[in-house]
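The next block holds one structure in the form of structure tokens; read it before the comments.
None of the values given here were measured: they were computed from a predicted structure. Within every chain, numbering begins at 1; the chains are lettered A, B, ... in the order of the sequence lines, protein sequences first and strands thereafter.
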2 protein chains.
Amino acid sequence: MSDQITLTEKQKKLIEQLGIYHEKSGLSPASGRIKALLTVSPVLELSFDQIRETLQLSKSATSNSINLLMSMGAIDYITHPGDRKRFFRSKIGNWRDTMKQSFRNITNVADLLEEILIQRPNETEEFNKNLEEVISFMRYFKKEIPSLYKKWDKSE
Amino acid sequence: MSDQITLTEKQKKLIEQLGIYHEKSGLSPASGRIKALLTVSPVLELSFDQIRETLQLSKSATSNSINLLMSMGAIDYITHPGDRKRFFRSKIGNWRDTMKQSFRNITNVADLLEEILIQRPNETEEFNKNLEEVISFMRYFKKEIPSLYKKWDKSE
DNA sequence: TTTATAGTTCTTATAATTGAGAACTAAAAA
DNA sequence: TTTTTAGTTCTCAATTATAAGAACTATAAA
């Protein structure tokens, strides 16, 4: 019956906080909580019903959110022999790709800003110069990311 | 009567695209369009009614969005002697601060992840190691931003 | 002093998100 | 073959976000 997992008050608070952070990054409340639960939970692999009951969600919200998070590559699942259940877990090991994705979002706007710059009147000199600088910095930033990773790897 | 400013189809399309980008970053449609208009418009300083009529917004949506963008530091205004109107303009010159703000959002989660790490069981070794790495990279990244700006400045 | 201007604020109306609950489905177990 | 399990999908209700429109306000102009 009760698949609810036991969490300390501290853990519940951290799930809430991390969940809100995920919401700000564009996830729905339910998806954010599930992603957060799979980061905070001492048990790394949780079944559908453990997630559902721990977070008090409906089956539909749980199913839809799990599938969204899987399609985003944020979580995956494993099965255990003799058990039909799937056990979901965070793909935190993929953090480099996740990070790269979020950098891509910052830098991809550079192309759009360039299109804007191209059709601006030459007369708005100071403005255009600032726009040019933003674009230039974004591209420089993008270019430097690999070496940033390399330098971090070394410093580890 | 008509304070609507003239825009090419291309400019309208760019406002739409940049507006959607701003929406994805958390602004409402109206705020996103206003910020985009003040980036694309060949006329840099636009009055309340020029913004309103060009984007076909209600007075309330225009007023609330303008005030939100001002409180965020995304736009400001000037007045011209003998004219009561305020003329709003993009604060694109502040792009370094804007960029820093968006970096802060990425790196601020490090403290939360650290709190999560601290209370995790030692048994989930691999997971904890990954979490540790994310935190370490985020902090390294934050630390490197100033020198990234410096190097970019030089390369300019 | 009255009127016009430049917005602001308040009260809805509409639309979009979100998730609940029930009905359904496919595969495995009995 | 029937039943149970592990989810999925559909429909709908509730909440939330968004902005329209009207009423209001403060300042300046006439």
Value in whole Å for how far the [atom2] atom of [N] lies from [atom1] of [X]:
X	N	atom1	atom2	result
H22(A)	dT18(C)	NE2	C1'	18 Å
D49(A)	dG7(D)	CG	P	7 Å
Q56(A)	dT18(C)	CD	P	20 Å
F48(B)	dT25(D)	CZ	P	18 Å
L68(B)	dA19(D)	CG	P	11 Å
R52(A)	dA20(C)	CZ	P	9 Å
K59(B)	dA23(D)	NZ	P	13 Å
L69(A)	dT18(C)	CG	P	13 Å

Could you tell me whether the side chain of [X] has a donor or acceptor atom within less than 3.5 Å of a complementary atom in the base of [N]?
X	N	result
S58(B)	dA19(D)	no
S28(B)	dA17(D)	no
S63(A)	dG7(D)	no
R86(B)	dA6(C)	no

Inset, instruction - Look at all strands and tell whether I66(A) reaches a base, only sugar-phosphate, or nothing, counting heavy atoms closer than 4.0 Å. - result: nothing
Inset, instruction - Hey, which sits more toward the 5' end of DNA chain D by its nearest nucleotide, N64(B) or N64(A)? - result: N64(A)
Legend entry - K35(A) NZ/CZ over Y21(A) ring centroid, <6.0 Å and within 45° of normal: no
Legend entry - Charged tip of K100(B) within 45° of Y149(B) ring normal and under 6.0 Å: yes
Legend entry - 4.5 Å side-chain heavy-atom contact, Y140(A) and K151(B): yes
Which one, [options], comes nearest to the side chain of [X]?
X	options	result
K85(B)	dT8(C), dT8(D), dA6(C)	dA6(C)
R84(B)	dA4(C), dG7(D), dT8(C)	dA4(C)
S60(A)	dG7(C), dG7(D), dT9(D)	dT9(D)
A30(B)	dG7(C), dA20(C), dA19(D)	dA19(D)
D83(A)	dA6(C), dA19(D), dA6(D)	dA6(D)

Legend entry - Pair Q11(B)-S41(B), side-chain donor/acceptor within less than 3.5 Å: no
Inset, instruction - Might you point out which heavy atoms bring R96(B) and W152(B) nearest each other, and give the distance in Å? - result: NH1-CZ3, 3.5 Å
Legend entry - Pairwise 5' ranking along DNA chain C for A61(A) and N67(B), keeping only the more 5' one: N67(B)
